[in-house]
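Report on the following structure.
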2 protein chains.
Amino acid sequence: LKGEIITIGSELVSGLVVDENSAYIAQRLVSVGIEPFYLTSVGDDEGAIEDALLRAVGRVGVVITSGGLGPTPDDITSRTVAKALGKRLVLMPEALEYIRRRYEKRGIDVPGTAQRQALMPYGSQVLANPIGTAPGYYIPHAGKHLFFVPGVPEEARAIVEQEILPVITEEIPREFYVARRVLKIFGLTESQVYEKVKDISYDPSKVSLGFLPVFPENHLSITARSHHGENQAFEVLEQVEESMRAVLGEVIFGHDDETMEEVVAGLLLSKGVTLAVAESLTGGLLAQRLTTVPGSSLYFDRGIIGYSNTAKSDHLCVDPLLISEFGAVSAPVAEAMARGIKEVSGTDVGVSMTGIAGPSGGSEQKPVGTVYIALCYDAEEGVAVKSRHYQFFGDRHRIRLITSEMALEWIRRYLLAEDPADMVH
Amino acid sequence: LKGEIITIGSELVSGLVVDENSAYIAQRLVSVGIEPFYLTSVGDDEGAIEDALLRAVGRVGVVITSGGLGPTPDDITSRTVAKALGKRLVLMPEALEYIRRRYEKRGIDVPGTAQRQALMPYGSQVLANPIGTAPGYYIPHAGKHLFFVPGVPEEARAIVEQEILPVITEEIPREFYVARRVLKIFGLTESQVYEKVKDISYDPSKVSLGFLPVFPENHLSITARSHHGENQAFEVLEQVEESMRAVLGEVIFGHDDETMEEVVAGLLLSKGVTLAVAESLTGGLLAQRLTTVPGSSLYFDRGIIGYSNTAKSDHLCVDPLLISEFGAVSAPVAEAMARGIKEVSGTDVGVSMTGIAGPSGGSEQKPVGTVYIALCYDAEEGVAVKSRHYQFFGDRHRIRLITSEMALEWIRRYLLAEDPADMVH
């Protein structure tokens, strides 16, 4: 069965906003055996919405529409859908009650305009919105399955996951099964990944590969299809995945939705290792990434963002003479920061980064992108510290991002190493 | 005149890749007086490409298509376009020469497959690709203007800028001019914004408004159109903007591409105020946002992420008795953190946040989302500190994000206040 996605909003067609909903919803449709066919964006324009909807209904069995369900007058999706499908627009008491409760929970009176969000085409089934006030709805129509969600990405995603996918799985006989794995790689370029995997053989009628650079990572997707069942698709997938893992090895840090910080957090928790960080150019980005993971207080003790030199001395016990001799951006200072943060926090590991994010602050000897990373850990003869120099490229945002990623990679490698002393990176 | 954008690629319709070309091209079309109507994505599928192209040609005057011009067998755009328009596919010597030179420049032999990229529908005009090897092309067809560019975003953008916009400006009489402003708001819900601005009168034939929630902010776009010239469009815009600013006041923190952190950074720099921050639940997010701005070392001294209680005592001189009496998440501790960070850093302002980001760690008295923010500053009688309790809602990510945004808003309000003592928030 084929599907289409229609995203509605003048901010989309006029280019003010990049449409992130279509790709997300498309991926989720594939996962339940629906093949996306067209993705269309139209403005808050009655004629265009009606035309796009009716064409999609004429072409495919599943249509998911996002946008135009808000409380303001430019939100005309429900009215237009009702007209296009020849249905009345009715006030859904269930939706109204739902909206009322959402506002009540926050202690806000229901604004008059919010009631508009309870108006839906006759025959709609309300889809709960676990995040926002605008509920979605489902209209079974002439053997087709039409779903409507708000345009706010988090809300659209939540309704797709919690409400729409279960309906599709229950209502639509499965035609094909897909197994998909995204291998996440840090440390190789796209071309290097391709060179490593290009001789692996697979049946292209069953498997497709995708190469996707997501700075500073490279993601490699493997999609396996089978008409015979989920297990068959998984078997095909596993074979290819195994070959990929054999040639790529430990540059694969995770898979699917796992982020680098989640992988590192998982390792820290399972090994019972505690950590503190000392940052400069990344300005808190490493600590922020390490603490996005729920339960991070079990392994993360503190972070010091020593932007000024005195901050480095005050909290990390970095000798001011070291800074004046080697400069704040140097291996000795990075190492002193790592030692200092480990000592002051009493954690198992201390990690530090110092460098020049740019655009200004670079010199001939230490150009923008010069970065030192250091890691301090307990060794037999006391504490040991390792550091390394990197030259990164790109704008301020990219240099900060790749620096934090490399620091996470250091922690990952340290936690995976048989003997930290052998940890080369 | 209306325009459409068609992006081609199976990675788009299957959701592996977010389509960034459409929004970019749409924005550029608007800037030269072409109104985008539909944005469509289709896979590398002959039937779908042909259908999408012919429908677009039937509906609008300008069509820009991206994708499917690469050297591999799944790149079928040119062949399909030729078929759809009833034109022969011909080898363009100009394009071949162009491709040859691109490879030569890199010292690589032209691969046999690359010659495919010189095959174009009869009557095409080659559009130079300043970045990659795949040239684009322009087909004037039955009074319509059809443009084709590769899917790689950087290449598509370069051809649009350097080749397509000049052709449009020269070939198509200008029908309208657009002036656009996005007002960025923090502190009101979408409905509240709407309630405030709904009685402002404007000519809907000349002005359109867009309401866009981008958590935790709300963005309000004003688009003014004029048939008479750029200045006229700006005049219309300015009138509406002035009315909006009059009713919304200082909840508007910035406009267009400005971020909250850039606005705060600009104020800190222009007023010569220095700052240090003490974080807990946000884990470095506030510091990270404050330091994304180039030159942040001029106002940002340090950040302490005191995740553990000892870290709060070690670096911020928070009395452990205070923590045991009131709890780490409390107004007295938030205030002590703000005082501590200001004192230890010697900056003009100290900002602190303490709270519960969840999902665990909440209690009946202090549920997930409980947050205290405090700001410490120099007053006549020494240092003064203000704090406030908030109850935020949502998942860990949202609670951390809105907390950091609210702290930035505190700094902004402090810097704008005539007398900080009056600063109410």
Side-chain angles (χ1 to χ4, degrees), chain A residues 10-20 22-27 30 36-42 48 70-72 74 106 111 113-114 131 152 154 210 212 221 283-285 287-288 290-292 294-297 300-308 311 314-315 344-345 359-360 396-397, chain B residues 11-20 22-24 26-27 30 36-42 48 182 190-191 194-195 208-213 215 221 223 283-285 287-288 290-292 294-297 300-308 311 314-315 344-345 359-360 393-394 396-397:
Chain A
S10 296
E11 73 281 8
L12 300 173
V13 287
S14 68
L16 273 177
V17 173
V18 170
D19 171 21
E20 292 179 352
S22 290
Y24 182 84
I25 299 171
Q27 218 170 25
V30 170
F37 190 42
Y38 281 63
L39 316 180
T40 310
S41 298
V42 293
T72 58
D74 61 343
R106 289 165 195 218
T113 48
I131 294 175
V152 181
E154 295 79 12
L212 187 65
S221 74
L285 181 56
Q288 192 260 114
L290 281 164
T291 57
T292 46
S296 53
S297 53
F300 184 78
D301 179 81
R302 74 189 68 180
I304 303 292
I305 305 155
Y307 232 56
S308 65
D314 289 348
H315 305 286
V344 72
S345 64
S360 61
R396 182 176 178 85
H397 170 71
Chain B
E11 74 281 7
L12 299 173
V13 288
S14 70
L16 274 176
V17 173
V18 171
D19 171 21
E20 293 180 351
S22 290
Y24 182 85
Q27 220 170 23
V30 170
F37 191 42
Y38 281 63
L39 315 179
T40 310
S41 299
V42 293
V182 178
E190 188 184 0
S191 298
Y194 175 69
E195 286 297 322
S208 56
L209 301 183
F211 295 87
L212 188 65
F215 185 85
S221 73
T223 306
L285 181 55
Q288 193 260 112
L290 281 165
T291 56
T292 46
S296 53
S297 53
F300 184 78
D301 179 80
R302 74 189 68 181
I304 303 291
I305 306 155
Y307 232 55
S308 65
D314 289 348
H315 305 287
V344 72
S345 64
S360 61
F393 298 93
R396 182 177 179 85
H397 170 71

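Order of the sequence lines sets the chain letters (A, B, ...), proteins ahead of strands, with each chain counted from 1. Quick caveat, the model's predicted, so the values are computed rather than measured.
- Both the backbone and the side chain of B:Ile304 come within contact range of chain A, judged by heavy atoms closer than 4.5 Å.
- Comparing A:Val13, A:Ile25, A:Leu39 by heavy-atom pairs within less than 4.5 Å of chain B, the highest count is held by A:Leu39.
- Contacts between B:Ser208 and chain A at a heavy-atom distance below 4.5 Å are absent for every atom of the residue.
- Of the listed residues B:Ser41, B:Ala26, B:Pro36, B:Gly284, the one with more heavy-atom pairs under 4.5 angstrom with chain A than any other is B:Ser41.
- Here A:Glu11 contributes atom CD and A:Asp74 contributes atom CG; the two are 8.0 Å apart, rounded to the nearest 0.5 Å.
- Only the side chain of A:Pro111 comes within less than 4.5 Å of a heavy atom of chain B; its backbone N, CA, C and O stay farther away.
- Here the closest non-hydrogen pair linking B:Phe300 and B:Ala287 is CZ-CB, 3.7 Å.
- Proximity to chain A involves both the backbone and the side chain of B:Val344, based on heavy atoms less than 4.5 angstrom apart.
- Looking only at heavy-atom pairs under 4.5 Å with chain A, the residue among B:Gly210, B:Pro213, B:Ser308 that has the most is B:Ser308.
- With a 4.5 Å cut-off on non-hydrogen atoms, A:Ser297 touches chain B through its backbone and its side chain both.
- The part of B:Leu209 that comes within reach of chain A is its backbone (N, CA, C, O), which places non-hydrogen atoms under 4.5 angstrom from that chain.
- In terms of heavy-atom pairs under 4.5 Å with chain B, the best-connected choice from A:Pro294, A:Pro359, A:Pro71 is A:Pro294.
- Both the backbone and the side chain of A:Leu16 have a heavy atom closer than 4.5 Å to some heavy atom of chain B.
- Interface remark: A:Val30 contributes side-chain atoms only to the contact with chain B (heavy atom separation under 4.5 Å).
- Both the backbone and the side chain of A:Asp301 come within contact range of chain B, with heavy atoms under 4.5 Å apart.
- Contact count versus chain B (heavy atoms, under 4.5 Å) is highest, among A:Arg302, A:His397, A:Glu20, A:Gln27, for A:Arg302.
- Residues B:Asp19 and A:Asp19 are not in side-chain contact: their nearest non-hydrogen atoms beyond the backbone lie 4.5 Å or more apart.
- The ring pair (Phe, Tyr, Trp, His ring centres under 6.0 Å) test applied to B:Tyr38 returns no partner, not counting sequence neighbours.
- Both the backbone and the side chain of A:Thr40 come within contact range of chain B, each with at least one heavy atom under 4.5 Å from a heavy atom of that chain.
- Of the atoms belonging to A:Ser14, heavy atoms from both backbone and side chain fall under 4.5 Å from chain B.
- Of all heavy-atom pairs between B:Thr291 and A:Arg396, the closest is O-NH2, 2.6 Å.
- Ranked by heavy-atom pairs shorter than 4.5 Å toward chain A, the options B:Gly306, B:Ala48, B:Ser22, B:Gly295 are led by B:Ala48.
- Your options are A:Ser360, A:Ser296, A:Ser345, and the one with the most heavy-atom pairs under 4.5 Å with chain B is A:Ser296.
- Not a single side-chain hydrogen bond (donor to acceptor under 3.5 Å, both in side chains) links A:Ser221 to another residue, sequence neighbours left out.
- Closest of all the heavy-atom pairs between B:Phe211 and B:Tyr194 is CZ-CD1, 3.7 Å.
- Residue contact with chain B, scored on non-hydrogen atoms closer than 4.5 Å, involves the side chain of A:Val152 exclusively.
- Interface residue A:His315: backbone and side-chain heavy atoms are both found under 4.5 Å from chain B.
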